[in-house]
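Below is one structure; the comments refer to it alone.
Numbering of residues begins at 1 and proceeds along the displayed sequence. When a ligand or atom number is given, it counts from 1 through the structure's own listing order.
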Amino acid sequence: MRAIRRGETGPAVAEIRSILVGLELLEVSSSDEYDEDTEIAVRAFQQSRGIGVDGLVGAETWQALDGARWKLGARTLFHSVPTPLVGEDVSALQERLLEMGYDSGRADGIYGARTARAVTQFQREVGLAPDGSCGPQTMKALRRLGRKVVGGRPQWLREAEAFRQSGPNLVGKTIVIDPGHGGGDDLGVVVPDGPLRWTEADLVFDVAARLEGRLAAAGMRVHLTRGPAPAQPMPGAERAELANGLGADLLISLHLDANSNPAAEGVATYHYGTGSGLTSTVGERLAHLVQREIVVRTGMQSCRVHAKTWELLRLTRMPAVRVDLGYLTSPADRDRLVNPLFREQIVEAILAAVQRMYFPVENDVPTGSIDVRQLRLELAARRS
Ligand SMILES: [Zn+2]
């Protein structure tokens, strides 16, 4: 489109002015002239939206102005095909959905199929007709829940409730073990060590395979997200989708860390959470259990538990944690990690953490002081 500029008049200018008035960048008036005040307002708008500040309304500025005229709730949003609805109200909706734990994709301001699916899911869960469009009823429910739920998203409440209802039993539960990296040339951290080359991808796969056997022996259905050497790299979203598709009860992702300082060492565990305190409570509990069991059983340095919004943690619909099982760049950690007996210890620790998730015996049995057989005996004794 031809850029509209200062000095012009007409209905297009009137429309631009009315949007700027709505954004409170311009005083209300009935003028249809692109005057100095209009140009100042356009420049302010361009600056606020990260568009090149030239005071002209070209295609990009017009699209941004068009999108900005909508405040969330001012119009009904729906999945329009083939031309989707675009606007700041859409990105506000997407942000709200994401905050509440729905997977609406990136907050890109485009009401696509994924956003419609997230709205449908929300509607179903609050008992509205699941039509995937966001009208007054759905807006009302969003506002109500957004206010009521402070520091705990409905998803996390649901997650905790689902977890509680699933009962204290490992048998029949589905767990996904995600050995990090490993596709194509994505080997994660690689450290040459004399004639040998250690890779994060191989070491975490070894731990995952050992863990698979132990968890399966305990009665769980175990899935690995990848084989020892898949052809293609696998993004976090794909791994999350796989776990979601399996309806997994838990997901544990295994990685190693790296640092240019060889003195950096230790174990860290991550769960989903944002800086503002929104967190997966069940995921956080699993993270603390895993971290504690590993640190106590192996004597590794604790780099503590942290909340992250990484794709894998954000997009999974079950309690999910990622463990960084030490620094491959630390000679001390590496010596341990390359020892299969040490990796068995880690497997034992993670197994105990999973057991503890389902059998809350932490008050009776001190962490790390027992092996899993004893834990099982303890539980059998308590049941009889
Ligand atoms: Zn990694």
Side-chain angles (χ1 to χ4, degrees), residues 175-193 196-212 223-243 248 250-273 280 283 286-287 290-291 293-295 298 300-316 318-340 342-343 345-347 349-350 353:
I175 184 165
V176 171
I177 304 298
D178 172 47
H181 309 278
D185 53 9
D186 177 14
L187 301 174
V189 185
V190 180
V191 170
D193 189 5
L196 288 170
R197 186 184 76 154
W198 300 105
T199 72
E200 178 185 358
D202 288 347
L203 285 169
V204 295
F205 183 81
D206 176 272
V207 175
R210 289 168 193 269
L211 197 51
E212 181 184 26
H223 294 265
L224 264 50
T225 51
R226 68 167 176 92
Q232 297 294 325
M234 217 177 161
E238 210 174 293
R239 296 171 194 247
E241 218 166 278
L242 183 96
L250 293 178
L251 177 138
I252 298 176
S253 181
L254 305 171
H255 281 255
L256 301 179
D257 214 335
N259 197 289
S260 54
N261 181 352
E265 61 171 75
V267 183
T269 309
Y270 305 92
H271 61 90
Y272 182 84
S280 158
L286 178 61
V290 168
Q291 178 73 9
E293 290 292 340
I294 293 178
V295 168
T298 66
M300 286 177 97
Q301 192 82 31
S302 176
C303 304
R304 300 198 304 278
V305 168
H306 305 273
K308 293 284 174 192
T309 56
W310 294 329
E311 209 167 44
L312 181 73
L313 302 177
R314 188 179 72 235
L315 299 180
T316 37
M318 72 290 314
V321 300
R322 166 175 152 176
V323 202
D324 281 18
L325 300 162
Y327 283 75
L328 200 49
T329 45
S330 146
D333 278 0
R334 184 163 69 245
D335 274 356
R336 297 182 177 112
L337 287 162
V338 302
N339 180 350
F342 177 81
R343 297 201 294 273
Q345 261 187 307
I346 287 191
V347 165
I350 296 175

Test: Arg334 cationic atom under 6.0 Å from Trp198 six-membered ring centre, within 45° of axis
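No - Arg334 does not lie over the ring of Trp198 by the 6.0 Å and 45° rule.
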
Can you tell me if CD on Glu212 sees more than 12 non-hydrogen neighbours from other groups inside 6.0 Å?
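Result for CD/Glu212: enclosed.
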
What protein N/O/S atoms are there under 2.8 Å from the Zn ion (ligand 1), waters excluded?
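You should have found His181 NE2, Glu200 OE2, His255 ND1.
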
Side-chain contact test, heavy atoms from C-beta onward, threshold under 4.5 Å: evaluate it for Asp335 versus Phe342 and give yes or no.
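Side-chain contact under 4.5 Å: no.
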
Is there side-chain contact between Asp257 and Val189, with at least one heavy-atom pair below 4.5 Å?
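No; the side chains remain at least 4.5 Å from each other.
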
Partners of Asn261 by side chain to side chain contact (heavy atoms under 4.5 Å, CB included), sequence neighbours excluded?
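Testing Asn261 for side chain to side chain contact (heavy atoms under 4.5 Å, CB included), a comparison that skips the adjacent residues, returns Asn259, Ala263.
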
Given Leu256, which partner from the list Thr199, Asp324, Asp333, Leu337 fulfils the side chain to side chain contact (heavy atoms under 4.5 Å, CB included) test?
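The residue from Thr199, Asp324, Asp333, Leu337 that satisfies side chain to side chain contact (heavy atoms under 4.5 Å, CB included) with Leu256 turns out to be Leu337.
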
